[in-house]
> 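Can you read through this structure? Questions will come right after.
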Number of protein chains: 2
Amino acid sequence: MTGAPVIHIVDDDASFRGALSRLLEVSGYAVTDYGSANCFLRSIESAEPGCILLDVNMPSVDGLQLQEELARLSMRWPIVFMSGRGDVPTSVRAIKAGAEDFLLKPVSKDALLDAIDRALARFAATRQQQDQINSLRSLIATLTPRESEVFALMVRGKMNKQIAFQLGTSERTIKAHRHMVMEKLQVQSFAEAVSIAEKTGLLASPATGDVENP
Amino acid sequence: MTGAPVIHIVDDDASFRGALSRLLEVSGYAVTDYGSANCFLRSIESAEPGCILLDVNMPSVDGLQLQEELARLSMRWPIVFMSGRGDVPTSVRAIKAGAEDFLLKPVSKDALLDAIDRALARFAATRQQQDQINSLRSLIATLTPRESEVFALMVRGKMNKQIAFQLGTSERTIKAHRHMVMEKLQVQSFAEAVSIAEKTGLLASPATGDVENP
DNA sequence: GGGCCTATTGTCCTTGAGGGCAACGTCAGG
DNA sequence: CCTGACGTTGCCCTCAAGGACAATAGGCCC
């Protein structure tokens, strides 16, 4: 099922959509197509991840609006726009919003395949690093509230005794929590723990009620 | 001198350039202007940092070429393009290469000031984080070659004895180097050292001849 | 040759981190 | 009422990290 990434075509012109589908399929891509933005949005939950070939001018919800909606849903799949009468402001807006490319109809086959390749490459790269962050976050999610507090303080370089004081408990307890943190995060060294905190943005957030070390 | 950021106008049309300069000056900006891309490139070393208002269509070196050249020089100042007869592919290329905006002549005053404000805001944000990275890198630059090796290994969670073995020296020596590293990086805790390594991309680079810990 | 920096190393001692073992109290579920 | 997860803590022991004090050796500049 989740083998190769899928190319999702969204265009209200059925004949164009069909032609495009066939073109991409013979080029070896997996393709699905939708006649409208709403149609795509409805099936988005079950859709295979991949990139989107999106027509700008569509009735009801146009391409840019769909792009906005996807951003709101945190669906950051790469988008390649296609437009018949492309104007500069529209293309600028699309690209600034993160579109991979903005092609003018009639679309040259080479340009299209090139854009799709770049989109898929970006997709792969993004997904890989996103997966990594997510797996780290899921590890962190297994920490109990108390362990999270200890984690946040230890990766800021606080000593056990300082953490104990700040949390109003004993050093031995902190050691116990710390042990659990290392175990749950599946790291062997303190350095790795700090690295995880850094990658997941934990160190960027404000120190929770930090008291400067005397 | 280095007070407010400067807006650098690059356009071959002298009258347009003049009008733009006056407009921006009365709006309270510091402005310099250049009649060609080469003219700008010649004075770039001594130029005040800021953003660039760049005409696309110029003889000899056009706006996009200047953008490329600046990227090659790692001059990542925000660029606002202006073009008389803007076409979609050109604008797409400019934005994809990182331009802040792409405006069509005649440029509306509001749109221009808005784009400039965004460009300057981005400039400030970028510069701030860049300055932070640079100051960290300059700290790292004070490390001797040997200290750098030790630093790279310690932030990967290696124990002193492992580092000593790998570098063919004694544990005591590593302790001495480690001490110097902490001092030169001006950090009190090991966690901060790891954090610096992470921020400066040191942890992303391949482990130098890493030997797995038995 | 003398002075200074870098790298190196040793010994001794202190402190911090971490683990083993054992135990206690609370609170939510079953 | 029993169980299990969570938070808690004491005692003791080991090992790693770090500082103090001291010393050696190679290079480089004056």
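Chain A is the first sequence line, chain B the second, and so forth, proteins listed ahead of strands; every chain is numbered from 1. Small disclaimer: the values here were computed from a predicted structure and weren't measured.
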> Between CG of D33(A) and SG of C39(A), what distance do you get to the nearest 0.5 Å?
8.5 Å
> Side chain of R146(A): nearest nucleotide among dA17(C), dA7(C), dT8(D)?
dT8(D)
> Begin from the C-alpha positions of D13(B) and R17(B) and carry the test salt bridge (Lys or Arg N to Asp or Glu O under 4.0 Å) through to its verdict.
CA-CA 6 Å; D13(B) 180 339; R17(B) 222 164 60 219; over 6 Å; no
> Using a 4.0 Å heavy-atom cut-off across all strands, classify T144(B) as base, sugar-phosphate, or nothing.
sugar-phosphate
> M180(B) CE to dG18(D) C1': how many Å, rounded?
14 Å
> Base, sugar-phosphate, or nothing for T173(A), non-hydrogen atoms under 4.0 angstrom?
base
> Detail all sub-3.5 Å separations between protein N/O atoms and N/O atoms belonging to nucleotides 18-20 of chain C.
residue	atom	partner	partner atom	Å
dG18(C)	OP2	R178(A)	NE	2.6
dG18(C)	N7	K175(A)	NZ	2.7
dG18(C)	O6	K175(A)	NZ	3.2
dG19(C)	OP2	H179(A)	ND1	2.4
dG20(C)	O6	R172(A)	NE	3.0
dG20(C)	O6	R172(A)	NH2	2.7

> Are R146(A) and E149(A) within salt-bridge range, i.e. N to O under 4.0 Å?
yes
> Say whether, by atom type as modelled, one donor and one acceptor occur between the side chain of K96(B) and the main chain of E100(A) under 3.5 angstrom.
yes
> So do D62(A) and Q65(A) actually touch side chain to side chain, heavy atoms under 4.5 Å?
yes
> Please give, in whole Å, the distance from dG19(D) C1' to H177(B) NE2?
17 Å
> Could you list the donor-acceptor pairs under 3.5 angstrom formed between side-chain atoms of residues 70-83 of chain A and any protein atom two or more places apart in sequence or on another chain?
residue	atom	partner	partner atom	Å
R72(A)	NE	E69(A)	OE1	3.2
R72(A)	NH2	E69(A)	OE1	2.6
R76(A)	NH2	A71(A)	O	3.0
S83(A)	OG	N57(A)	OD1	3.4

